[in-house]
Amino acid sequence: MKNSLIAVLVRVVIVVIATCGILVCAFWYPFSISLSVMGVVETEPTAVQNIQLWTQLVFYWVVSIPCFAILVLAWLMTNSMKKEAFFKEKNVKLTKISAIILFADLVAFLIGNVVFLILEWNDYAIIYFILFAIGLGGAILIKVFEQYLKKAVQMQKDTEGLI
């Protein structure tokens with residue numbers, strides 16, 4: 001399979017993940033938070049409920065931003081993939097930055113969810129803890145990928161000197 005085709009497939013995956021992320025931010029977060037705060041009742045929310053709702057909604061939107069930043073970094077990496085120059089230090093740095101961003105974001109996400117759980121603001125905490133576990137697995141995979149990419153870059157440097 002050609003690298004340009006792989007780059008296109010990776011970009012398709014990035015677009016699908018970004019679309020799912022936008023749908024989660026636009027629909028799931030407001031829906032689940034409003035159900036947690038107000039229930040199924042169709043009355044006007046109280047001031048306390050408004051604070052709970054907006055605090056959670058803004059928190060989840062803010063912790064979603066780094067995930068979209070990681071997708072942008074992945075998109076940038078596909079540019080070098082299309083040019084047949086994937087095994088470069090630049091991509092190792094982008095991968096390392098992605099892992100750091102995701103680990104930091106996961107810490108903030110976990111702390112926020114624990115706080116919401118203690119305050120009894122979130123009835124869907126189990127779903128958010130599952131999202132945390134998925135994110136942690138993704139962060140670990142990114143870190144592993146970074147190590148293999150670093151070794152591949154080093155091997156390429158070593159073999160260029162032999163030719």
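In terms of heavy-atom proximity, T55 sits nearest to I51 at OG1-O, 2.6 Å. F87 and Q156 make their closest contact through O-OE1, 2.8 Å (heavy atoms, listed as atom of the first residue, atom of the second, distance). The shortest non-hydrogen separation linking C67 to D105 is SG-OD2, 3.5 Å. Here the closest heavy-atom approach between residue I101 and residue P66 is recorded as CG2-CB, 3.5 Å. Scanning both residues, A18 and F68, for their nearest heavy atoms gives O-CE2, 3.7 Å.
When side chains are defined from C-beta on, I33 does not count as touching W54, because their heavy atoms never get closer than 4.5 Å. Contact check for L53 versus S34: side-chain heavy atoms found under the 4.5 Å cut-off. In this structure, K2 and I6 have side chains that are not in contact, with every pair of non-hydrogen atoms separated by 4.5 Å or more. A 4.5 Å side-chain heavy-atom check between Y128 and L117 finds every atom pair outside the cut-off. Contact of the I127 side chain with the S32 side chain is not registered, since no non-hydrogen atoms from C-beta on lie closer than 4.5 Å. For the pair V114 and I118, the minimum side-chain heavy-atom distance is below 4.5 Å.
A donor-acceptor pair under 3.5 Å links the side-chain atoms of T46 to the main chain of Q49, judged by distance alone. Side-chain atoms of S80 come within 3.5 Å of backbone N or O of M77 as a donor-acceptor pair. A donor-acceptor pair under 3.5 Å is formed between the side chain of W61 and the backbone N or O of C25. Side chain of N91 to backbone of F86: a donor-acceptor contact under 3.5 angstrom is found.
To the nearest 0.5 Å, atom CH2 of residue W75 and atom CZ of residue R11 are 4.5 Å apart. We find the CD1-CG distance between I97 and L76 to be 10.5 Å, quoted to the nearest 0.5 Å. Atom CG of residue N3 and atom NZ of residue K82 lie 11.5 Å apart, to the nearest 0.5 angstrom. Residue L9 holds its CG atom at 11.0 Å from CD1 of I14, rounded to the nearest 0.5 Å. Note that CD1 of I140 and CG of L106 are 9.5 Å apart. Values are rounded to the nearest 0.5 Å. Rounding to the nearest 0.5 Å gives a distance of 5.5 Å between CD1 of I70 and OG of S98.
Of the candidates V62, L102, L131, L131 is the only one forming a side chain to side chain contact (heavy atoms under 4.5 Å, CB included) with F109. Exactly one residue among W28, Y29, F31 makes a ring pair (Phe, Tyr, Trp, His ring centres under 6.0 Å) with Y60. That residue is Y29.
Cluster membership for V13 and I22, using ILVMFWY side-chain heavy atoms within less than 4.5 angstrom, is shared. The hydrophobic clustering, which links ILVMFWY residues whose side-chain heavy atoms are closer than 4.5 Å, places L73 and M81 together. L136 and I134 end up in the same hydrophobic cluster when Ile, Leu, Val, Met, Phe, Trp and Tyr side chains are linked at under 4.5 Å. Each of F145 and I100 belongs to its own hydrophobic cluster when Ile, Leu, Val, Met, Phe, Trp and Tyr are linked at side-chain heavy-atom distances under 4.5 angstrom. Under a hydrophobic-cluster definition in which Ile, Leu, Val, Met, Phe, Trp and Tyr are linked whenever side-chain heavy atoms come within less than 4.5 Å, directly or via other members, V16 and L141 are assigned to different clusters.
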Verdict with reasoning, F116 to F59, per ring-ring contact (aromatic ring centres under 6.0 Å, His included): CA-CA 10 Å; F116 293 150; F59 169 77; 5.3 Å; yes
Any chance you could lay out the salt bridge (Lys or Arg N to Asp or Glu O under 4.0 Å) test for E146 and K143, step after step, and finish with the verdict? CA-CA 5 Å; E146 175 203 340; K143 196 66 181 158; 2.8 Å; yes
For a quick test of your reading: what N or O donor-acceptor pairs under 3.5 Å do the side chains of residues 148-155 make, sequence neighbours left out?
{"residue": "Q154", "atom": "NE2", "partner": "D158", "partner atom": "OD1", "Å": "3.1"}

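Listed by first then second residue, pairs satisfying salt bridge (charged side-chain N to carboxylate O under 4.0 Å, His left out) with a partner in residues 60-80 number zero, not counting sequence neighbours.
Connectivity analysis of hydrophobic side chains (ILVMFWY, heavy atoms under 4.5 Å, direct or indirect) links F27 to L23.
There is no side-chain donor-acceptor pair under 3.5 Å between Y124 and N113.
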